[in-house]
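Below, chains carry the letters A, B, ... as their sequence lines are ordered, and counting in each starts from 1.
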2 protein chains.
Amino acid sequence: MLKLSRLTDYAAVVMAQIARHHQASHTTADLAEAVQLPHPTVSKTLKMLVKAGLLESQRGVQGGYRLARPASQITAADIISAIEGPVAMTECSQAEGECELAATCGVADNWQRVSLAIRTLLESVTLAHLADTAPIKLPVQLPIQSISLSAASA
Amino acid sequence: MLKLSRLTDYAAVVMAQIARHHQASHTTADLAEAVQLPHPTVSKTLKMLVKAGLLESQRGVQGGYRLARPASQITAADIISAIEGPVAMTECSQAEGECELAATCGVADNWQRVSLAIRTLLESVTLAHLADTAPIKLPVQLPIQSISLSAASA
DNA sequence: TAATTGGGTACCATTTTAGTCCTGTATAAA
DNA sequence: TTTATACAGGACTAAAATGGTACCCAATTA
């Protein structure tokens, strides 16, 4: 599936909700109500987002959560890595030289390039895009054959 | 992590190994030895690849596995879905209209577009690319701002 | 100082994943 | 026709990740 975890999915929804009303501070209870998810689960998600620096929190009466920076400066990659860690397709695409199978693998290099391309794509999608009801504008994908490559991944 | 499962990783390595010597038939034992993975695990992976129509098998003496079609016609997306099922980032990006949270979600549409872009990317990478030691040529990623969108996702 | 609201941690249930094993069946060569 | 080879299919188990919950503490403000 190459699937996001359910919590990541929640995180995106919650972030979008906050982004749509970024003036106000949002309590966990408000958000849980708005997105129809259990309070403790939303709370857990929010804490992870704060830890990743995407949200700021304010304790006490009238407290709550708000975006740490404009929605246009928060990317899908940011949200995903806040919950799941670095965006990478395989173990070896994050840490260089730790795979004992490297010798027999013969795929690592190109797999890492693919991983990088996906990361780039996810970095080009911002929370502002996600929260907007208008269709997102994705980068054009030119067919491989037409491209000289080294320029692309650099 | 947006990570592939370990089996998928194995599948890619095994497929690349077969692709590099596509004339011959490969037994499970040979492949397990070549990629340094346990025999039963490789066997399981191979069976899944056959079921997905990416490999053909021949029983009996002198039997083994070979590619069902040229490496240039097998994509990374094929391999991933053979092991993990359809490439999709979220539950709702595969099945339309089955999410009870759709009303409060407000992210589904754009999330699906992102998912589609990733699928397109993975479909543009072939086994021939992966098996090759030369750097893969990935599609150019133009910055979002520069693009008029509707043309892109169509 | 009381009420509100987030912070941190620990815990448990469930699901998914990975890996193994066993038995059956097809094929080719002797 | 027999026998060795090799894949097919399924059941099973162990381990890990995931998701969800509960509890208590800390900070803030009225």
Side-chain angles (χ1 to χ4, degrees), chain A residues 1-14 18 24-33 35-68 80 82-86 88-91 101, chain B residues 1-14 18 24-68 80 82-85 88-91 101:
Chain A
M1 272 279 290
L2 197 82
K3 175 166 61 176
L4 298 177
S5 83
R6 216 185 303 181
L7 280 186
T8 308
D9 211 351
Y10 297 166
V13 174
V14 168
I18 297 176
S25 193
H26 300 259
T27 68
T28 306
D30 288 350
L31 290 169
E33 172 61 24
V35 302
Q36 285 293 295
L37 290 171
H39 181 120
T41 299
V42 172
S43 168
K44 190 178 187 175
T45 308
L46 290 167
K47 288 173 195 173
M48 288 192 262
L49 291 166
V50 168
K51 208 174 259 179
L54 305 186
L55 291 179
E56 281 172 352
S57 64
Q58 173 75 38
R59 292 185 176 187
V61 180
Q62 298 298 320
Y65 295 93
R66 55 179 65 229
L67 297 184
I80 293 172
I83 310 293
E84 318 199 5
M89 288 179 65
T90 61
E91 298 295 343
L101 299 176
Chain B
M1 271 278 289
L2 197 80
K3 176 166 60 176
L4 299 176
S5 83
R6 216 183 305 181
L7 281 186
T8 307
D9 210 352
Y10 296 166
V13 173
V14 168
I18 297 176
S25 192
H26 301 259
T27 68
T28 307
D30 288 348
L31 290 168
E33 171 60 24
V35 303
Q36 286 292 297
L37 291 171
H39 182 121
T41 300
V42 171
S43 168
K44 188 179 189 176
T45 309
L46 290 167
K47 289 173 194 172
M48 288 194 260
L49 292 166
V50 169
K51 207 174 256 174
L54 305 186
L55 291 179
E56 283 172 350
S57 63
Q58 172 76 37
R59 293 185 176 187
V61 179
Q62 298 297 322
Y65 296 93
R66 55 180 64 229
L67 297 183
I80 294 172
I83 310 292
E84 318 198 6
M89 288 179 65
T90 60
E91 297 296 342
L101 298 176

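For A:S57 and C:dG7, the shortest distance from a side-chain N or O to OP1 or OP2 is below 4.0 Å. Considering only side-chain N and O atoms, A:S5 lies nowhere under 4.0 angstrom from the phosphate OP1 or OP2 of D:dA17. Of the side-chain N and O atoms in B:Q58, none sit less than 4.0 angstrom from OP1 or OP2 of D:dT5. Distances shown here put every side-chain N or O of A:Y10 at or beyond 4.0 Å from the OP1 or OP2 atom of D:dG19.
Between C:dT17, D:dT28, C:dA26, one nucleotide has an atom nearer to the side chain of B:R59 than all others, and that is C:dA26. With distances taken from any side-chain atom of B:T41 to the nucleotides C:dG19, D:dT21, D:dG19, the minimum falls on C:dG19. The nucleotide whose nearest atom lies closest to any side-chain atom of B:L7 is, among C:dG6, C:dA18, C:dG8, C:dA18. Of the listed nucleotides (C:dA18, D:dG19, C:dG8), C:dA18 has the atom at the smallest distance from the side chain of B:R6.
Counting to the nearest Å, the P atom of C:dG6 and the CG atom of A:L31 are 9 Å from each other. Atom pair B:M48:CE and C:dT17:P shows a separation of 11 Å (rounding to whole Å applied). Straight-line distance from the CD atom of A:E56 to the C1' atom of D:dA27: 16 Å, rounded to whole Å. Summarising the geometry, the separation between CG on A:D30 and P on C:dT4 is reported as 14 Å, rounded to the nearest angstrom. Atom P of nucleotide C:dG19 and atom CD1 of B:I83 are separated by 12 Å, given to the nearest angstrom. When rounded to the nearest whole Å, the span between CG of B:L46 and C1' of D:dG10 equals 17 Å. For A:L55 and C:dG6, the CG to P distance is 11 Å, given to the nearest whole Å. Here the C1' atom of nucleotide C:dG7 and the CG atom of A:L49 are 14 Å apart, to the nearest Å.
Using a 4.0 Å heavy-atom cutoff across all strands shown, B:H39 reaches no nucleic acid atom at all. Residue A:T28 is in sugar-phosphate contact alone, with no base atom involved, counting any heavy-atom pair closer than 4.0 Å across all strands shown.
Interatomic distance, A:T27 OG1 to A:E33 CD, rounded to the nearest 0.5 Å: 10.0 Å. Atom-to-atom distance recorded for A:L67:CG and A:I18:CD1 is 6.0 Å, nearest 0.5 angstrom. With rounding to the nearest 0.5 angstrom, the OH atom of B:Y65 is 9.0 Å from the CG atom of B:L49. Note: A:Q62 CD to A:S25 OG = 8.5 Å, rounded to the nearest 0.5 Å.
Mapping B:K44 and B:V61 onto DNA chain D via the closest heavy atom, the residue that lands nearer the 5' end is B:V61. Residues B:Q62 and A:Y65 each lie close to DNA chain C; by heavy-atom proximity, the contact nearer the 5' end of the strand is made by A:Y65.
For a distance-only test at 3.5 Å, the side chain of A:K47 fails to qualify as a donor-acceptor partner of the base of C:dG6.
Looking at B:T41, its side chain never comes within 3.5 Å of a backbone N or O of B:L37 through a donor-acceptor pair.
Screening B:T8, B:I80, B:D9 for a side chain to side chain contact (heavy atoms under 4.5 Å, CB included) involving A:M89 leaves a single residue, B:I80.
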